[in-house]
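Structure first, then comments.
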Amino acid sequence: MRPLNVLSVTSEIYPIIKTGGLADVAGALPGALAREGVSVVTLVPGYPAVLNALEHGQVVHRYGNLHGGSVQLLRGRAGALDLFVIDAPHLFERPGSPYVAPDGQDWPDNTRRFATLGRIAADLGHGLAPGFMPDVIHAHDWQAGLAPAYLHFSGRPRPGIVMTVHNIAFQGAFPAYLLSELGLPSEAFTIDGVEYYGQIGFLKAGLQLSDRITTVSPTYAREIQRAEGGMGLDGLFRARSGIVSGILNGIDDAVWNPATDPHLAAPFDGDRLDARAANKEALQVRLGLRPDPDALLFGVVSRLSEQKGLDLLLDALPVMLEDGAQLALLGAGDRRLEDGFRAASEAFPGQVGCAFGYDEALAHQIQGGSDALLVPSRFEPCGLTQLCAMRYGNVPVVSRVGGLSDTVIDANEAALAAGVATGVQFSPVDAASLTHAIARVKELWPDIDAWRGLQRNGMATDVSWSRPARQYASLYRACAHVGS
Ligand code: ADP
Ligand code: GLC
């Protein structure tokens, strides 16, 4: 088969800049696609971390003025990643989060910042960089959502366009008066274009004007087509349902490999599960928990946001801790949730240990050291932490939504009898069901054989990118050049 060229357009990419799973996906998919004969170059904004990571960056184009300053488009590598980088100091030379200022508020010029990402993606789709012509542009989330709009309204031949939505809670809607400043024609402002409830909808535009829409699990692909899950976009998803599909995420099994993980006190594999005890003890010590091998240790690695349902865990906590169970939590985000868990660690010393902020090493240590991982999300497009948990023999306890329901096999009687269970699911998403799920875990835990079975099944599950990469490759082939 002829090799395919894809331009991936993303606002974050692991290991350079990450706020969540989007970065993991953008960082891992190119390597997995290379094995499918797909060559990916990724366009990213030139935040300081990206410019620092770029090796041998060459200028491929200069823009005199884009939104108040000159812009250079660079091409270079960062480790295994092949990148186009938007060097635009007036837009991206800001430390910290790609989206919010140090006070936690969105940068006021996010419209221009991410319109620039979309605009340059479209220019690359029209052959801006000598020697590079993508067959497909793959745009991720609202930040890349204007790429399809710029391509569409240029009226010129264009590559095929895939729009992947990782989370429809973030839609990127901005005031309508910015339309001409963004360089979009007035006819773009219709329901078939970028207009979204009277505003300019970046995600809406991308979804409306792409050839294929994917999201990150089959269940989420169905959920977003219903009013309860569509967050205002369900009508669009229904209207375009023929081109909507769900492709499950994988995880990078080199980064997440318990046998070689440098962050773990004691690396292990499915045949050496006893070695997890040393990781558990190290985690207990690190987070100020009582070092007790017999205490059932629950873990959480999460953004702290409404989506993740961790307020339900705060409600369920007193009952969960009654018989000596423990919680190790790593989270970043919502201040009130942080305060809630901080208060819990003071109220239950030695039983609740928390760390706040972003900490890659501790995320691995929780996966390798806790017994069960709690993911009580209200909605979850895919979720990666339950996949990491399975790979690390950490039994996932998840709400039955989105990708969580597609990736974890509940330990019901049938699954236990068939020997295929990998975790525990619960529904509806409320504190009572979560409490009930935790009680089920406590029943399973003392039965060493049953528990080892759950761990081994999880560890034997293929959570790699191999299968998803094949699915993306065939999707790309199906829509390459459709627009030309
Ligand atoms: P989302 O993208 O909605 O945050 P995912 O489960 O898809 O959820 O991806 C989360 C990713 O971010 C995982 O790789 C997880 O290990 C990581 N992560 C989440 N919170 C933290 C944190 N506080 N510190 C380090 N890594 C984190
Ligand atoms: C989003 C979703 C998460 C998904 C990730 C990567 O952040 O919240 O469920 O795994 O994107 O696709």
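Residues take their numbers from the sequence shown, with the count starting at 1. Whatever order the structure lists them in is the order used to number ligands and atoms, beginning at 1.
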Apply side-chain contact (heavy atoms from CB on, under 4.5 Å) to residues Arg113 and Phe92 and explain how you reach the verdict. CA-CA 7 Å; Arg113 297 173 78 224; Phe92 299 121; 3.7 Å; yes

Salt bridge (Lys or Arg N to Asp or Glu O under 4.0 Å) evaluation trace for Asp339 with Arg336: CA-CA 5 Å; Asp339 291 344; Arg336 271 171 314 170; over 6 Å; no

Backbone, side chain, both or neither: what part of Gln386 comes under 4.0 angstrom of ligand 1, heavy atoms only? neither

Does any N/O atom on Thr19 come nearer than 3.5 Å to any N/O atom on ligand 1? no

Determine whether Ser8 and Phe84 satisfy the following criterion, side-chain contact (heavy atoms from CB on, under 4.5 Å), listing intermediate values before the conclusion. CA-CA 10 Å; Ser8 171; Phe84 283 117; over 6 Å; no

Report yes if the distance between the aromatic ring centroids of Trp256 and Tyr392 is under 6.0 Å, otherwise no. yes

Phe174 ring center within less than 6.0 Å of Trp142 ring center: yes

Pull out every atom of ligand 1 sitting under 4.0 Å from any heavy atom of Asp24, numbered as shown with elements. 11 (C), 13 (C), 14 (O)

List ligand 1 atoms under 4.0 Å from Arg303, heavy atoms only on the residue side. 1 (P), 3 (O), 4 (O), 20 (N)

I need the contact residues for ligand 2: any residue with a non-hydrogen atom closer than 4.0 Å to the ligand, ordered by chain then number. Gly21, Leu22, Val25, His166, Asn167, Val216, Asn249, Arg303, Gln307, Glu380, Pro381, Cys382, Gly383, Leu384

Find out whether Gln199 and Lys204 are in side-chain contact, i.e. whether some heavy atom of one side chain is under 4.5 Å from a heavy atom of the other. no

Going by the atom numbers of ligand 1, which of them fall below 4.0 Å from some non-hydrogen atom of Gly20? 2 (O), 4 (O)

Phe341: partners by ring-ring contact (aromatic ring centres under 6.0 Å, His included), with sequence neighbours left out: none

Side chain or backbone of Lys308 under 4.0 Å from ligand 1, or both, or neither, by non-hydrogen atoms? side chain

Do any nitrogen or oxygen atoms of Asn167 lie less than 3.5 angstrom from nitrogen or oxygen atoms of ligand 1? no

So, regarding Ala363 and ligand 1 (criterion: nitrogen or oxygen to nitrogen or oxygen, under 3.5 Å), is there a contact or not? no

Side chain to side chain, Thr42 and Asp82, heavy atoms closer than 4.5 Å: no

Look at the rings of Tyr472 and His138 and say which category their plane angle falls in: under 30° parallel, 30 to 60° tilted, over 60° perpendicular. tilted

Please check whether Gly21 reaches ligand 1 - meaning an N/O of the residue sits under 3.5 Å from an N/O of the ligand, judged on distance alone. yes

For the residue pair Val375 and Leu404, establish whether any side-chain heavy-atom pair is separated by less than 4.5 Å. yes

Looking at Gly383, which atoms of ligand 1 are within less than 4.0 Å of one of its heavy atoms? 6 (O), 7 (O)

Which atoms from ligand 1 have a heavy atom of Gly357 less than 4.0 Å away? 22 (C), 23 (N), 24 (N)

Considering only heavy atoms, does Pro381 approach ligand 1 within less than 4.0 Å through its side chain, its backbone, both, or neither? neither

